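A quick note: this is a predicted structure, and the numbers were derived from the prediction, not measured. Counting starts at 1 for both ligands and their atoms, following the listed order.
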Amino acid sequence: MSNKLIIDELSNIVRDGKKEVEKLLNKDQSIITESIIVPSKEEGGFFKGVVGDFQKKEVINRFIYGDNLNIMKELIKGESCPSLKGKIDLIYIDPPFLSKADYNTKISLPLKDKKVTIEKFAYSDIWKEGIVSYLKMLYPRLLLMKELLSDEGSIYVHLDWHIVHYVKILMDEIFGEDMFLNEIIWSYKSGGVSKKYFSRKHDTILLYSKTGKYIFNPQKEKSYNRGLKPYRFKGVEEFVDDIGWYTLVNMKDVWNIDMVGRTSKERVGYATQKPEKLLERIILSSTNENSIVADFFAGSGTTAAVAERLNRRWILSDMGLTSALTVQKRIIDIKGHQFLFQRLEGEELTSNGELKIKGIDKQNLKDKEELISIELEGYEIDIDNIPIEKKYKKLVEEVLEEDSLNLIDFISIDPDYNGEVFISRWQNFRENDIYKVEEFIELKLPKKQKRNIAVKVVDVFGYENKYIFEV
Ligand SMILES: C[S@@+](CC[C@H](N)C(=O)[O-])C[C@H]1O[C@@H](n2cnc3c(N)ncnc32)[C@H](O)[C@@H]1O
């Protein structure tokens, strides 16, 4: 499609997007709470504290699995969850960039004392009608984001050269040109150079506020003195480091931040993971403690990981199972606060996999406690129904034959399942270089005559199943 046609299309995109949002608001599609996750690593593996009542809005932090269009609609309407209309201080989004590529995540599996790697689909950034269909997707979502922002709120839209200039036009239409604050350039080093044009080594982040009275806490950066020598101006504080003398000035709009490298500690293996330092800057600048931060294209959950560290509340959504699993593990890993794992009605999470249990045992201990032991035996799954490329199926078959438990990525337990919401008080998962969940699980619990233990298992493909045992 030529550029002229795209310009002609812009007014249709705006008109149709507005109609779509109006219709959407009449649609019923609830948000369902699958589980409350209480990260339990620091509790010696089992969370003994109080679990918040999410019905009473005590737990705000949440990951919602599904298409963000319907999710945001529900968050505005507030029928199946507390309404967040006008309550969010910061929205950061890093949507697909119109890069015309599919993105995969790597899964390492142990096989014959070696490590083999297979790839699983994470998300697609290929658009049938190119720019027009991309903008048709984004416009109604941006409209809903504006509704969710508080009067002090701001939105950061992270894109690159592929599409940012068209999105700027849509943002001006929605938020108003006078609410445009910055075009932030995130400059980085990465592999690959071009001989035909300048190497493309930056992303662009558009920053808009909802009103004129937005939160903004200026951040400081180093500004090196000319000649790197001290100026000794009256009243100006100067500092020195290995490079030379500098002063601290309010941060400019070009940010040099390293990408998440192969050996970087924060790397979780998600193809388009953004650096925590980038999100830290954004969150510190545009929120206060306890503000609600949202990211509706969550990916690996960088926004939530940083929000946790900075004491902000967070809401994430993503329509990929890879993202759902990665975010849960990431928040548990950093010992975050309790959070909800929710899904949009109709978005199924279950698979054809089946966990085999060798045995469950219960032993009385002193001090009104009992010990529950669970021994895992194996995992069965129909390989034909696994969402991976044919070329990897043989490898998965071999892993299944050698030790099928290696296909389990995440296991969590609710020791007192009430039949409705799964409260995950114990978790164990594969980590870097530890390819297997614990096969033999022991839980020390307050003594009870009878209890329903629910075990939830998520396989490396992102599908989950729940098993309930009465002991
Ligand atoms: C570029 S990635 C985000 C990466 C993230 N910022 C990070 O640091 O890991 C974009 C994400 O948007 C998700 N996505 C794309 N379209 C979506 C939609 N309509 N609803 C929800 N999530 C969507 C994809 O599944 C993908 O995980």
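- Pairs of residues two or more places apart, or lying in two chains, that qualify as salt bridge (charged side-chain N to carboxylate O under 4.0 Å, His left out) and include a residue from residues 251-264 are Glu221-Lys252.
- Outside the 6.0 Å centre-distance limit, the rings of Tyr92 and Tyr156 are not counted as a close aromatic pair.
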N/O pairs closer than 3.5 Å, ligand 1 and protein:
from	atom 1	to	atom 2	distance (Å)
ligand 1	6 (N)	Asp94	OD2	2.7
ligand 1	8 (O)	Lys274	N	2.9
ligand 1	8 (O)	Thr302	OG1	2.6
ligand 1	9 (O)	Ser300	N	2.8
ligand 1	9 (O)	Ser300	OG	2.6
ligand 1	19 (N)	Asp67	OD1	3.2
ligand 1	19 (N)	Asn68	OD1	3.4
ligand 1	20 (N)	Asn68	N	2.9
ligand 1	20 (N)	Asn68	OD1	3.4
ligand 1	20 (N)	Asn68	ND2	3.2
ligand 1	22 (N)	Met319	N	3.2
ligand 1	25 (O)	Asp318	OD1	2.6
ligand 1	27 (O)	Tyr270	OH	2.5
ligand 1	27 (O)	Asp318	OD1	3.4
ligand 1	27 (O)	Asp318	OD2	2.7

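- Salt bridge absent: Asp384 and Lys393 never bring a charged side-chain N and a carboxylate O closer than 4.0 Å.
- Arg200 forms no cation-pi arrangement with Phe198, by the criterion of a distance under 6.0 Å to the ring centre and an angle within 45° of the ring axis.
- Judged as a side-chain contact (heavy atoms from CB on, under 4.5 Å), and not counting sequence neighbours, the contacts of Val421 are Thr33, Ile36, Phe54.
- Counting only residues at least two apart or on different chains, the salt bridge (charged side-chain N to carboxylate O under 4.0 Å, His left out) pairs with a member in residues 206-215 are Glu152-Lys213.
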